[in-house]
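Reminder, nothing fancy here: chain letters follow the sequence lines and each chain counts from 1. Values below: all heavy atoms of this structure, side chains included; hydrogens, waters and symmetry mates excluded.
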Protein chains: 2
Amino acid sequence: MEATKSVADQNAPAVGRRERNKQEKLARIVSAARELFRDRGFAETTTQQIAEAADIGTGTLFLYARSKEDLLVLVFRDEMVETARTAFAALRGDEPLLDQLMQVFTSMMDYHQRDTDLARILLKEIMFPNAIGRQADISELLDIIFGGLADLIARARKDGRYAQGANPVHVAENLFANYYFSLLTWLGGRVTREQTAHRLRQHLAITIGEVA
Amino acid sequence: MEATKSVADQNAPAVGRRERNKQEKLARIVSAARELFRDRGFAETTTQQIAEAADIGTGTLFLYARSKEDLLVLVFRDEMVETARTAFAALRGDEPLLDQLMQVFTSMMDYHQRDTDLARILLKEIMFPNAIGRQADISELLDIIFGGLADLIARARKDGRYAQGANPVHVAENLFANYYFSLLTWLGGRVTREQTAHRLRQHLAITIGEVA
DNA sequence: GCTATAAACTGACTACAGTCAGAAATGAAG
DNA sequence: CTTCATTTCTGACTGTAGTCAGTTTATAGC
């Protein structure tokens with residue numbers, strides 16, 4: 001659809017041109033998928049519809065995402081990264097550690113609350129660290145969360161807000177495991193969000209060695 | 001295939017007879033599914049094959065299990081219950097709490113190690129406490145695990161092997177969350193079993209407030 | 001420009017979980 | 001035994017994720 005080519009384009013390496021096309025097409029696919037997932041939901045959207053909306057063939061779609069669930073990761077990963085980043089950035093810094101942790105985790109729960117059906121699938125498909133058959137990479141997201149948590153622990157210790165001597169990275173993993181499990185029970189449908197948050201607080205308190 | 005009927009059978013209420021047939025058919029289905037899952041794996045077994053092996057129509061299969069994954073639960077639930085029960089029963093009772101916990105969890109990991117592909121699916125499909133579309137009930141399994149853990153905590157406290165004051169049920173949940181997350185990373189394929197066990201020990205130690 | 005090679009694309013096709021309208025079996029009542 | 005109602009069963013069918021043999025497009029060398 002490009003009528004003319006600039007001199008710069010002509011001089012650019014061939015690989016670059018191809019790569020750019022690829023990126024543009026991927027962006028078109030992800031954007032189409034996002035709209036459809038939001039509109040009709042994940043299960044109700046067919047890969048045919050996505051391909052059609054992105055103006056490509058069915059087969060092409062699967063050259064850009066290995067599976068429909070892979071596509072889901074591509075669509076929502078950036079939002080989740082942003083949510084996590086914002087949650088950590090919003091902390092004042094001198095609150096009690098337990099409060100900081102709860103602020104971060106409830107922010108993330110807020111994000112999931114917007115669409116719990118989607119959250120259920122994300123939880124099952126994204127967070128499950130199973131690389132088999134998975135293309136889209138979520139290590140950046142995990143780095144932000146684990147790194148952020150470990151950072152909070154280390155700082156709290158320096159400020160005397162946390163007395164325990166365990167490795168901050170291990171504490172971070174323990175905390176996240178508890179958050180993850182809370183999400184499971186929440187999205188499993190048996191408990192309300194309030195109950196979940198309350199329970200999570202208790203679990204976090206146990207991990208950091210405080211009485212809730 | 002019953003050639004004769006006893007007087008007792010003839011006098012038995014009709015509902016009983018029907019119910020018995022239903023149970024027998026379910027047993028046949030579960031048994032057929034178990035064999036096929038073991039032989040070929042979950043993904044490679046089709047519901048058609050299961051139905052054929054159980055000598056019923058395709059549609060009938062879905063009257064006894066709501067989905068293929070439901071069938072998986074029916075097939076392996078009892079084994080998992082047995083594994084958990086045995087793991088708790090095998091404890092001597094006077095070991096340090098952390099050692100007891102590790103014994104229980106490594107026993108359960110032993111079970112999963114026999115077939116990690118299956119474990120991956122079980123972890124995703126069974127343990128995920130999502131009742132939506134799920135028929136087979138795993139509350140007995142969860143009761144055994146949570147109850148067993150809470151019991152260990154309570155006893156250790158009474159014996160002076162555990163000083164913390166938190167609610168044993170909450171501690172049990174925290175411990176299980178860490179076990180569950182360890183399984184995720186293990187079965188995710190990035191780490192060996194030994195690394196996983198070592199890491200788990202650290203996490204459990206943090207939860208119960210000990211230095212590993 | 002032309003040709004050859006490689007990369008990207010395509011949609012008809014396959015495989016399979018799960019459905020459903022109707023058939024068969026069971027049991028109750030006369 | 002003969003209805004009639006209810007439960008149980010069935011397999012042809014449907015919808016859709018993902019594949020693949022063949023086609024088109026982009027690039028490199030001449």
Side-chain angles (χ1 to χ4, degrees), chain A residues 1-2 5 9-29 32-33 36-37 40-74 121 125 132-136, chain B residues 1-2 5 9-29 32-33 36-37 40-74 121 125 132-136:
Chain A
M1 285 294 160
E2 296 176 57
K5 282 182 183 182
D9 273 355
Q10 280 171 11
N11 290 346
V15 180
R17 182 85 200 309
R18 270 211 173 152
E19 195 54 35
R20 199 165 58 85
N21 280 343
K22 247 180 144 175
Q23 292 302 334
E24 277 168 7
K25 197 161 288 186
L26 178 61
R28 226 164 61 227
I29 291 168
L36 284 163
F37 287 162
R40 320 182 169 213
F42 181 74
E44 290 71 26
T45 302
T46 69
T47 54
Q48 301 275 342
Q49 290 168 344
I50 297 169
E52 199 173 338
D55 198 31
I56 57 171
T58 331
T60 311
L61 187 64
F62 289 93
L63 296 175
Y64 286 83
R66 242 176 243 175
S67 68
K68 193 184 175 188
E69 277 150 7
D70 230 17
L71 210 43
L72 191 76
V73 179
L74 291 174
I121 300 163
E125 302 304 334
I132 297 164
R134 163 82 53 78
Q135 190 171 33
Chain B
M1 286 297 160
E2 294 175 57
K5 282 182 180 180
D9 273 354
Q10 280 172 9
N11 290 345
V15 180
R17 184 80 201 311
R18 270 210 171 153
E19 196 52 35
R20 200 164 57 86
N21 280 342
K22 244 180 146 174
Q23 293 302 334
E24 278 168 6
K25 195 159 291 185
L26 178 60
R28 226 165 58 227
I29 291 169
L36 284 164
F37 287 161
R40 322 183 168 213
F42 181 74
E44 291 72 26
T45 302
T46 68
T47 53
Q48 302 275 341
Q49 289 169 343
I50 297 169
E52 199 174 339
D55 198 31
I56 56 172
T58 331
T60 311
L61 187 65
F62 289 93
L63 297 175
Y64 287 82
R66 241 175 244 174
S67 69
K68 193 184 175 188
E69 278 150 7
D70 232 16
L71 210 43
L72 191 77
V73 179
L74 290 174
I121 300 162
E125 302 305 336
I132 296 163
R134 164 82 53 77
Q135 191 171 32

Check your understanding: About how many Å separate CG of B/Leu71 and CG of B/Leu26, when rounded to the nearest 0.5 Å?
Key -> 8.5 Å
Exercise for review: Round to the nearest Å and state the distance from A/Gln49 atom CD to D/dG15 atom P.
Suggested key: 13 Å
Point to revise | side chain to side chain contact (heavy atoms under 4.5 Å, CB included) involving B/Gln49 - partner list, sequence neighbours excluded | key: B/Leu36, B/Arg40, B/Thr45, B/Thr46
Review point. Is there a side-chain polar atom (N or O) of B/Lys22 under 4.0 Å from OP1 or OP2 of D/dT7?
Key: no
Study note, to complete from the structure: To the nearest angstrom, the CD-P distance between A/Glu52 and C/dC9 comes to 18 Å
Review point. Can you name the nearest heavy-atom pair linking A/Phe42 to A/Glu69, along with the distance?
Key: CZ-CG, 3.8 Å
Review point. Tell me: CG of A/Leu61 to C1' of D/dC20, nearest whole Å?
Key: 16 Å
Point to revise | Where A/Lys68 and A/Phe62 come nearest, the two heavy atoms and their spacing | key: N-CE2, 4.4 Å
Revision key, fill the gap. To the nearest 0.5 Å, atom CZ of A/Arg28 lies from atom CD of A/Glu24 at 8.0 Å
Check your understanding: Atom CD1 of B/Ile29 and atom C1' of D/dT10: how far apart are they, to the nearest Å?
Key -> 13 Å
Check your understanding: With sugar-phosphate meaning primed atoms plus P, OP1 and OP2, does B/Ile56 contact a base, only sugar-phosphate, or nothing at under 4.0 Å between heavy atoms?
Key -> sugar-phosphate
Study note, to complete from the structure: Separation of D/dG18 atom C1' from A/Tyr64 atom OH, nearest Å, is 17 Å
Point to revise | Distance (rounded to the nearest 0.5 Å) between B/Ile56 CD1 and B/Ile29 CD1 | key: 3.5 Å
Point to revise | Distance, rounded to the nearest Å, where A/Asn21 contributes CG and D/dT25 contributes P | key: 13 Å
Provide a list of protein-nucleic acid N or O atom pairs under 3.5 angstrom, restricted to nucleotides 16-22 of chain C.
residue: C/dA17; atom: OP1; partner: B/Lys68; partner atom: NZ; Å: 3.0
residue: C/dA17; atom: OP2; partner: B/Thr47; partner atom: N; Å: 2.9
residue: C/dA17; atom: OP2; partner: B/Thr47; partner atom: OG1; Å: 2.9
residue: C/dG18; atom: OP2; partner: B/Lys68; partner atom: N; Å: 2.7

